[in-house]
Amino acid sequence: MITYKDTTYVFGHIFPGREHSRGRRTLPVLADDGSIIVEPGDGRDLIRVPVRRLLRNVGVVAEGDDLMTIMKAVAQPPTLFADNGFELIVTDSRLVLLSSNVDSDRSRVAGQIRFPWIRAVSFRPKQSFLNESEIVIEGIEEYDVEGFPTRERGTFQHNFTLIFDKRYHPGELAREITGRVACYLIDTQRVPKSEQLLALRDVPLLADPSSKGDHASYWLPTYCSFPGGDFGIDDDIRNPEWIEQSG
């Protein structure tokens, strides 16, 4: 039976000056000094924000699941990874998360969320001692596995929760990320240029959620499941399937 641990979307230990065996599409490359190597599509206006804690939650929605099972997998996905002390680097084509902790072999935990994989960007400021100032990035990964007694199909529901200092309000950062994703998609061939997508280039700042525990959310009308998309790198996936959603 497929579980959340079967995802192929990874954050890995990255060694300076060495490309990971999974390739640049999946994981960033670090320079000799441990900083990320900037890609041509990243642009020059990089935003760097300290992240106090990173959580990665992955739920499983199997083909044919009932509504209650789907809702639980989406609303309460299991935690696959959690750690403290990261830097978020927002570029024009991806979000890079780089651990502040350097291992004895000089490696660091790092990962990236390329813009085509983002289906929603949500935020909330710290509202009480029960919750945190955070941004949640959502995406999916499809699976199709030959199993016994039946073939297993479905999706992994990926939630990346970025927790910030309690005094930091993440709303403007969520709006900026959404605008950059929209601009990236609009400039990508074969992406449907819907009115909703065009409007996200300069989307207004959403009001803070009215209820404690809720998030204010920007939904991307077009996205790809991991690892699809156009990235302009050597291990690109050609002619990806773009998924359209309403939000």
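As the structure is a prediction and not an experimental result, all values here were calculated from the model.
Rounded to the nearest 0.5 Å, atoms OG (S217) and CG (L206) are 8.0 Å apart. Atom CZ of R124 is separated from atom CG of D214 by 8.5 Å, given to the nearest 0.5 angstrom. The line from CD1 of I2 to CZ of R153 is 12.5 Å long, rounded to the nearest 0.5 Å. Rounding to the nearest 0.5 Å gives a distance of 9.0 Å between OH of Y9 and CG of L27. Taking OG of S122 as the start and OH of Y218 as the end, the distance is 10.0 Å to the nearest 0.5 Å. In this structure, CG in L173 is found 4.0 Å from CD1 in I135, a value given to the nearest 0.5 Å.
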> Taking it one step at a time, do I243 and E142 satisfy side-chain contact (heavy atoms from CB on, under 4.5 Å)?
Replying inline: CA-CA 12 Å; I243 302 168; E142 297 178 353; 4.1 Å; yes
> Checking side-chain contact (heavy atoms from CB on, under 4.5 Å) for the pair L80/K5: CA distance, chi angles, key distance, verdict?
Replying inline: CA-CA 7 Å; L80 183 61; K5 294 183 180 180; 4.0 Å; yes
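Closest heavy-atom contact between W242 and P192: CB-CD, 4.5 Å. Across every non-hydrogen atom of G17 and D32, the tightest pair is CA-OD1, 3.5 Å. Among all heavy-atom pairs drawn from G229 and P240, the shortest one is N-CB, 3.3 Å. Contact between G228 and W117 at its shortest, heavy atoms only, is O-NE1, 2.7 Å. Residues R175 and P204 approach most closely at CD-C, 3.8 Å, considering heavy atoms. Nearest heavy atom pair, residue T222 against residue L185, reads O-CD1, 3.3 Å.
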Listing, residues 156-163 side-chain donor-acceptor contacts under 3.5 Å, not counting sequence neighbours, or none:
{"from": "Q157", "atom 1": "NE2", "to": "T155", "atom 2": "OG1", "distance (Å)": "2.7"}
{"from": "H158", "atom 1": "NE2", "to": "E141", "atom 2": "OE1", "distance (Å)": "3.0"}

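Aromatic ring pairs are classed by plane angle as parallel below 30°, tilted from 30° to 60° and perpendicular above 60°; the pair F115 and Y184 is perpendicular. Between H169 and F123, the ring planes are tilted. Angles from 30° to 60° get that label.
No continuous path of ILVMFWY side-chain contacts below 4.5 Å connects I36 to F231, so the two sit in separate hydrophobic clusters. Put simply, I89 and I37 are part of two different groups of oily side chains (I, L, V, M, F, W, Y) that touch within less than 4.5 Å, one to the next.
In the displayed structure, K72 atom NZ is contacted under 6.0 Å by at most 12 heavy atoms of other residues, nucleotides or ligands. The environment of E195 atom CD is sparse: at most 12 non-hydrogen atoms of other residues, nucleotides or ligands sit within 6.0 angstrom.
For the pair E87 and R108, the salt-bridge criterion is not met [side-chain N within less than 4.0 Å of a carboxylate O]. A salt bridge links R151 and D144; the closest N-O separation between the charged side-chain nitrogens and carboxylate oxygens is under 4.0 Å. Using a cut-off of 4.0 Å between Lys/Arg side-chain N and Asp/Glu carboxylate O, E132 and R52 are scored as salt-bridged.
Within the 4.5 Å cutoff, no side-chain heavy atoms of S194 are placed close to those of E244.
Tested against R180, the residues D42, D92, D187, D202 include a single salt bridge (Lys or Arg N to Asp or Glu O under 4.0 Å) partner, D92.
Evaluation of the side chain to side chain donor-acceptor pair (under 3.5 Å) rule for H215 yields E134 as partners, not counting sequence neighbours.
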